Amino acid sequence: MKRLAAMGMILAMTAGLVGCGGNKTVPQPTVAETGEKEGTEQDASKEEAAETDKGEKAAGETTELKVSHVFAETHPVHQAYLKASEELYEKTGGRYRLTIFPNGTYGNYADSITACQMGTLDIACLDSASDWLEAGGVLFAPYCFDSYEHWQAFKNSELCGEMRQEIGKAVGGVRQLNMYNFGFRNLTANKEIRTLEDFNGLTLRCVNFEPYSTLKDVFRVAITSIPIEDVYMSLQTGVADCQENPVTQIVTMKFYEVQKYLIMTRHMLACSSTIINEKLWDSLSDEDKGIFEEVFLNMGDQVDQMVVENETALIEECVANGMTLMEDIDTAPFKENAKQVVEDYPAWQDWYNQIQEMK
């Protein structure tokens with residue numbers, strides 16, 4: 001029903017958004033900037049190729065591809081999209097570039113996916129896709145990944161390519177170009193939490209749909225769903241006692257102002273991906289498809305790298321703003337409960353077992 005409602009909203013918005021459409025052309029940078037020569041036989045052949053049905057662009061034209069995401073402009077995902085735009089422009093000789101809409105300014109997460117399926121948006125972000133493919137939820141299974149090295153082993157595996165293909169087919173109308181993570185999710189609270197017993201009487205704010213909501217069984221805690229923009233106030237007023245997020249979000253939302261402890265449970269890896277409209281993808285030449293794949297795989301790797309490089313500094317920022325860092329946590333009971341959670345989701349089993357073998 002959410003996707004149907006979102007589809008209706010997008011149809012209503014299409015007329016207003018078409019003015020920034022994905023096939024908008026703008027003047028290409030000058031010959032001096034690109035290093036290309038005018039009046040050559042090569043240019044003439046390019047113009048002839050532009051008349052084919054494979055999406056080749058005549059010399060002098062740049063296609064602006066619209067990208068929507070919900071992250072702040074300082075977030076690694078946005079920074080990686082900026083670099084991807086530069087790389088795409090360079091590798092295609094100025095024929096493609098990205099126009100990026102951060103902070104949900106194009107649309108929220110769900111609406112952007114729907115728009116990408118419809119083709120009114122060219123590129124969007126997609127997480128585990130469990131709404132379309134239950135097995136995809138395994139990426140957010142608690143304690144599925146136990147380190148960034150484990151994540152990289154998965155990304156370099158044939159399984160990752162298989163999952164990207166299956167997820168794209170299940171969602172429909174899109175192709176998944178990469179996967180990336182933006183950090184392990186950790187707890188913040190106003191009391192020390194080291195054991196299951198420490199959760200007694202507390203209410204944890206988390207995203208209240210599966211697989212995030214399985215944390216109620218991992219930590220044996222009451223959970224509540226509060227929009228991210230309201231979490232700060234809910235923690236300040238005691239509507240929620242604790243919350244869980246990657247440190248990137250903890251710092252961005254300044255939760256250190258209303259929470260005393262940063263508790264490194266590393267219970268779930270926050271991950272996402274880039275999707276592209278399938279018709280747009282099919283319109284690309286084989287050469288351009290290869291370029292797009294290279295550019296966006298590089299983009300995913302850049303996000304992963306920035307997350308690892310930034311994490312220590314972000315933790316230090318939390319501590320500098322008054323939080324107490326807690327790393328001596330007995331996670332063994334949490335992980336035992338997580339195994340039971342996985343057993344309750346038969347659709348996860350095959351991919352989960354393969355991922356565990358990559359440790």
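Any value given below was found using the heavy atoms of this structure, including those in side chains, with hydrogens, waters and symmetry copies removed. From a predicted model like this one, the values you see are computed outputs, not experimental measurements.
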Novice: Give a yes or no on whether the ring-centroid distance for Trp151 and Phe154 is below 6.0 angstrom.
Specialist: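 Yes, the ring of Trp151 comes within the 6.0 Å limit of the ring of Phe154, centre to centre.
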Novice: Could you state whether Met179 and Leu133 fall into the same hydrophobic cluster, counting links through intermediate Ile, Leu, Val, Met, Phe, Trp or Tyr residues with side-chain heavy atoms under 4.5 angstrom apart?
Specialist: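 Hydrophobic grouping puts Met179 with Leu133.
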Novice: With rounding to the nearest 0.5 Å, note down the distance linking CD in Gln176 to NZ in Lys169.
Specialist: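 Interatomic distance, Gln176 CD to Lys169 NZ, rounded to 0.5 Å: 13.0 Å.
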Novice: Could you go through Asp217 and Asp344, starting from their C-alpha distance and side-chain angles, then the distance that decides it, and tell me whether this counts as side chain to side chain contact (heavy atoms under 4.5 Å, CB included)?
Specialist: CA-CA 11 Å; Asp217 299 314; Asp344 292 338; 5.7 Å; no
Novice: Would you confirm whether Asn190, through its side chain, and Val258, through its main-chain N or O, come within 3.5 Å as a donor-acceptor pair?
Specialist: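 Yes, Asn190 side chain to Val258 backbone: donor-acceptor pair under 3.5 Å.
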Novice: Is it the case that one hydrophobic cluster holds both Met233 and Phe255, taking links as side-chain heavy atoms less than 4.5 Å apart, direct or via other members?
Specialist: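 Cluster IDs for Met233 and Phe255 differ.
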Novice: The criterion is salt bridge (charged side-chain N to carboxylate O under 4.0 Å, His left out); which residues satisfy it with Arg220, sequence neighbours excluded?
Specialist: none
Novice: Under a single-linkage definition using a 4.5 Å side-chain heavy-atom cutoff for Ile, Leu, Val, Met, Phe, Trp and Tyr, are Val207 and Phe71 assigned to the same hydrophobic cluster?
Specialist: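 Yes, because Val207 and Phe71 connect within a single hydrophobic cluster, where side-chain heavy atoms sit under 4.5 Å apart.
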Novice: For residues Ser85 and Arg97, report the shortest heavy-atom separation together with the two atoms involved.
Specialist: OG-CG, 3.3 Å
Novice: Looking at the rings of His150 and Phe145, which for Trp means the six-membered one, are their centres under 6.0 Å apart?
Specialist: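 Under 6.0 Å, so yes.
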Novice: Checking Asn181 side chain against Leu269 main chain: does a donor-acceptor pair fall under 3.5 Å?
Specialist: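 No, the answer is negative, given that no donor and acceptor are paired below the 3.5 Å cut-off.
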Novice: Mark yes or no for whether Gln79, through its side chain, and Glu73, through its backbone, hold a donor-acceptor pair below 3.5 Å.
Specialist: yes
Novice: Please report the interatomic distance SG(Cys116) to CG(Leu126), rounded to the nearest 0.5 Å.
Specialist: 9.0 Å
Novice: Could you tell me which non-hydrogen atom of Pro227 sits nearest to which non-hydrogen atom of Arg205, and how far apart they are?
Specialist: C-NH2, 4.1 Å
Novice: Please step through side chain to side chain contact (heavy atoms under 4.5 Å, CB included) for the pair Tyr143 and Val342, ending with a clear verdict.
Specialist: CA-CA 10 Å; Tyr143 292 105; Val342 173; over 6 Å; no
Novice: Check for a donor-acceptor pair, side chain of Tyr109 on one end and backbone N or O of Asp127 on the other, with a separation under 3.5 Å.
Specialist: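 Checked: pair present.
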Novice: With Arg95 as reference, evaluate Thr62, Asp288, Thr63 under the side chain to side chain donor-acceptor pair (under 3.5 Å) test and give the passing residue.
Specialist: Asp288
Novice: Look at the side chain of Ser130 and the backbone N and O of Glu134, then say whether any donor-acceptor pair between them is shorter than 3.5 Å.
Specialist: no
Novice: Show, in sequence, the C-alpha distance, side-chain angles and deciding distance for Gln305 and Glu309, and conclude whether the side chain to side chain donor-acceptor pair (under 3.5 Å) test is met.
Specialist: CA-CA 6 Å; Gln305 182 179 347; Glu309 291 175 350; 3.0 Å; yes
Novice: Does some side-chain heavy atom of Val218 sit less than 4.5 Å from a side-chain heavy atom of Val341?
Specialist: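 Result yes, sub-4.5 Å side-chain heavy-atom pair found.
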Novice: Hey, are the side chains of Ile226 and Val239 touching, using non-hydrogen atoms and a 4.5 Å cut-off?
Specialist: yes
Novice: If you measure from the Lys or Arg side-chain nitrogens to the Asp or Glu carboxylate oxygens, is any gap between Arg175 and Glu293 under 4.0 Å?
Specialist: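 Looking at Arg175 and Glu293, the cut-off is met.
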Novice: After noting the C-alpha distance and the side-chain angles of Lys155 and Asp301, does the key distance pass the salt bridge (Lys or Arg N to Asp or Glu O under 4.0 Å) rule?
Specialist: CA-CA 9 Å; Lys155 277 186 59 174; Asp301 291 341; 3.0 Å; yes
Novice: Parallel, tilted or perpendicular: which fits the ring planes of Phe334 and Phe199, with parallel below 30° and perpendicular above 60°?
Specialist: perpendicular
Novice: Ile123 vs Ile275, test: side chain to side chain contact (heavy atoms under 4.5 Å, CB included). Steps then yes/no.
Specialist: CA-CA 6 Å; Ile123 294 171; Ile275 55 173; over 6 Å; no
Novice: How long is the gap from CG on Leu65 to CG on Asn277, to the nearest 0.5 Å?
Specialist: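 One gets 10.5 Å once the value is rounded to the nearest 0.5 Å.
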Novice: Consider only side-chain heavy atoms of I, L, V, M, F, W and Y, link residues closer than 4.5 Å, and tell whether Leu139 and Leu159 are in one cluster.
Specialist: yes
Novice: What's the shortest heavy-atom distance between Cys242 and Gln259, and which atoms?
Specialist: CA-OE1, 3.6 Å
Novice: Glu311 vs Arg266, test: salt bridge (Lys or Arg N to Asp or Glu O under 4.0 Å). Steps then yes/no.
Specialist: CA-CA 12 Å; Glu311 188 169 74; Arg266 295 182 174 269; 2.9 Å; yes
Novice: Give, for atom CG of Leu262 and atom CG of Asn321, the distance between the pair rounded to the nearest 0.5 Å.
Specialist: 11.5 Å
Novice: As a quick check of understanding, evaluate side chain to side chain donor-acceptor pair (under 3.5 Å) for Glu197 and Thr195, giving each step before the final call.
Specialist: CA-CA 5 Å; Glu197 290 70 24; Thr195 67; 3.3 Å; yes
Novice: So which of Arg185, Lys335, Glu244 actually passes side chain to side chain donor-acceptor pair (under 3.5 Å) with His267?
Specialist: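 Looking at Arg185, Lys335, Glu244, the match for His267 under the side chain to side chain donor-acceptor pair (under 3.5 Å) is Glu244.
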Novice: Is there side-chain contact between Tyr261 and Met323, with heavy atoms separated by less than 4.5 Å?
Specialist: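 SC-SC contact between Tyr261 and Met323 ruled out.
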Novice: Measure across Phe182 and Ser272 and return the closest heavy-atom pair with its distance rounded to 0.1 Å.
Specialist: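 Smallest interatomic distance, heavy atoms only, reads CE2-CB, 3.8 Å.
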Novice: Test Val251 against Gln249 for side chain to side chain contact (heavy atoms under 4.5 Å, CB included), laying out the working first.
Specialist: CA-CA 5 Å; Val251 170; Gln249 190 78 324; over 6 Å; no
Novice: Applying side chain to side chain donor-acceptor pair (under 3.5 Å), run through Gln302 and Asp304 and close with a yes or a no.
Specialist: CA-CA 5 Å; Gln302 287 166 357; Asp304 290 343; over 6 Å; no
Novice: Starting at CD1 of Ile263, measure out to CG of Leu187 and round the result to the nearest 0.5 Å.
Specialist: 5.5 Å
Novice: Lys66 side chain to Ala124 main-chain N or O, any donor-acceptor pair under 3.5 Å?
Specialist: no
Novice: Search all heavy atoms of Met306 against all heavy atoms of Pro76 and return the closest pair with its distance.
Specialist: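 Here Met306 and Pro76 meet closest at CE-O, 3.3 Å.
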Novice: What verdict does the salt bridge (Lys or Arg N to Asp or Glu O under 4.0 Å) test give for Lys83 and Glu86, after you've listed the backbone C-alpha separation in whole Å, the side-chain angles of each residue and the deciding distance to 0.1 Å?
Specialist: CA-CA 5 Å; Lys83 292 181 180 179; Glu86 294 175 2; over 6 Å; no
Novice: Step by step, work out the side chain to side chain donor-acceptor pair (under 3.5 Å) result for Glu210 and Tyr345.
Specialist: CA-CA 11 Å; Glu210 297 177 351; Tyr345 291 82; 3.0 Å; yes
Novice: Working note: Arg164 + Glu166, criterion salt bridge (Lys or Arg N to Asp or Glu O under 4.0 Å); need CA distance, chi angles, decisive distance, verdict.
Specialist: CA-CA 6 Å; Arg164 287 200 290 117; Glu166 291 297 319; over 6 Å; no
Novice: Heavy-atom distance under 4.5 Å between the side chains of Leu280 and Phe292, does that happen here?
Specialist: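 The answer is no, as the side chains (C-beta and beyond) never meet within the 4.5 Å cut-off.
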Novice: Taking a hydrophobic cluster as the set of Ile, Leu, Val, Met, Phe, Trp and Tyr residues connected by side-chain heavy atoms closer than 4.5 Å, whether directly or through intermediates, do Met326 and Phe184 fall within one such cluster?
Specialist: yes
Novice: What distance separates Phe140 CZ from Trp348 CH2, expressed to the nearest 0.5 Å?
Specialist: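 Here the interatomic distance stands at 10.5 Å.
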Novice: So which heavy atom on His75 is nearest to which on Thr248, and how close?
Specialist: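 Distance-wise, the nearest heavy atoms are NE2-OG1, 4.1 Å.
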Novice: Determine whether Glu257 and Tyr232 make a side-chain contact, defined as any pair of heavy atoms from C-beta on separated by less than 4.5 Å.
Specialist: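 They are in contact (side-chain heavy atoms under 4.5 Å apart), so the answer is yes.
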Novice: Would you say the side chain of Met299 lies within less than 4.5 Å of the side chain of Thr274, judging by non-hydrogen atoms?
Specialist: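 Yes. Closest side-chain heavy atoms under 4.5 Å.
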Novice: Salt bridge or not for Arg194 and Glu192, using N-O below 4.0 Å?
Specialist: yes
